[in-house]
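Quick notes on the structure that follows.
Note: hydrogens, waters and symmetry copies are ignored here, and every other heavy atom, side chains too, is used.
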Amino acid sequence: MKTCASTTKSTSRLRQRSAAGHTLLEMTIVVTIMSVLVSMVARAQRPFSEMILELQDRSITASELHLAVDYLSKDMGAAEKVDRRSEDSLLIRREASAVRRLGVVAPTVDRGIQYTYKDGYLLRKDLETGGSFVVATGMTGFDVGRLRNKEMRITLADGVGEEQHEVSLVWRQR
């Protein structure tokens, strides 16, 4: 009988050990299920993140267009004369009082502010002070044209296709 009692004790110890852990087969099944779930979540998240990035791009291009319109409006508000240099270049000559406000001793003729569009960038260069900077990036269009004898139309665009926004500014010589 001693043999039976020792066999029963070792069998109960074995059951206690196996109850405390998991078998290799159970672990393999759990890892496989978790891998499938993680890949499904990753696939479902991808279109959502692409949509967020697209909305962010739209917001940035709209902001850039607003910046360009603001700078051009401000400079054209103090303009004495606006000249078209080319389809993608514009020269704004300011009134003498506007140049004096910059602290520059007013010359007889203001050298002006030159706007140039190149490769999606709208550049502003103050020829009187020498300062220049990029006004907007990601632009898809900039056109300068004459409407009538004393009117200039500046058209700015961002985006492509149905997502394109255009703004036209008209300047009339006084």
(message) Could you go through V134 and R124, starting from their C-alpha distance and side-chain angles, then the distance that decides it, and tell me whether this counts as side-chain contact (heavy atoms from CB on, under 4.5 Å)?
(response) CA-CA 6 Å; V134 175; R124 179 189 185 271; over 6 Å; no

(request) Start with the C-alpha gap between W171 and D75, add the side-chain angles, then the distance that decides, and say whether side-chain contact (heavy atoms from CB on, under 4.5 Å) holds. (result) CA-CA 11 Å; W171 180 84; D75 289 336; over 6 Å; no

(request) Give the intermediate values and the outcome of side-chain contact (heavy atoms from CB on, under 4.5 Å) for residues K81 and D83. (result) CA-CA 7 Å; K81 188 174 182 183; D83 291 321; 3.2 Å; yes

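Of the candidates H165, E64, E166, H165 is the only one forming a side-chain contact (heavy atoms from CB on, under 4.5 Å) with D158.
For Y121 and F133, the distance between ring centers is not under 6.0 angstrom.
When side chains are defined from C-beta on, M40 counts as touching V36, because their heavy atoms get closer than 4.5 Å. In this structure, Q114 and S89 have side chains that are in contact, with non-hydrogen atoms separated by less than 4.5 Å. Counting heavy atoms from C-beta outward, V82 and V144 have side chains that stay 4.5 Å or more apart. Using a 4.5 Å heavy-atom cutoff, the side chains of I29 and I33 are in contact. You'll find the side chain of L90 stays beyond 4.5 Å of the side chain of R85, heavy atoms only.
Look at R93 and E80 and you find no salt bridge, because none of the NZ, NE, NH1 or NH2 atoms lies under 4.0 Å from a carboxylate O. Using a 4.0 Å cut-off between charged side-chain N and carboxylate O, D126 and R94 make a salt bridge. A salt bridge is absent between D143 and R153: the closest approach of a Lys/Arg side-chain nitrogen to an acidic carboxylate oxygen does not fall below 4.0 angstrom.
Side-chain atoms of D88 and Y115 form no donor-acceptor pair, as typed in the model, at a separation below 3.5 Å.
With rounding to the nearest 0.5 angstrom, the CD1 atom of I154 is 6.0 Å from the CE atom of M152. Taking NE2 of H22 as the start and OG1 of T28 as the end, the distance is 12.5 Å to the nearest 0.5 Å. The OG1 atom of T32 lies 10.5 Å from the CE atom of M27; values are rounded to the nearest 0.5 Å.
Put simply, the side chain of E128 gets close to the backbone of R111: a donor and an acceptor are under 3.5 Å apart.
One hydrophobic cluster, built from ILVMFWY side chains closer than 4.5 Å, holds both L122 and L169. A single hydrophobic cluster is not seen to contain both I113 and L91; linkage of ILVMFWY side chains at heavy-atom distances under 4.5 Å, directly or through other members, places them apart. Linking ILVMFWY side-chain heavy atoms closer than 4.5 Å, directly or via other members, places Y117 and V167 in a single hydrophobic cluster. By the criterion of side-chain heavy atoms lying less than 4.5 angstrom apart, applied directly or through intervening Ile, Leu, Val, Met, Phe, Trp or Tyr residues, M139 is grouped together with Y71 in one hydrophobic cluster.
Counting all heavy atoms, side chain and backbone alike, L65 lies closest to A157 at CD1-N, 4.3 Å.
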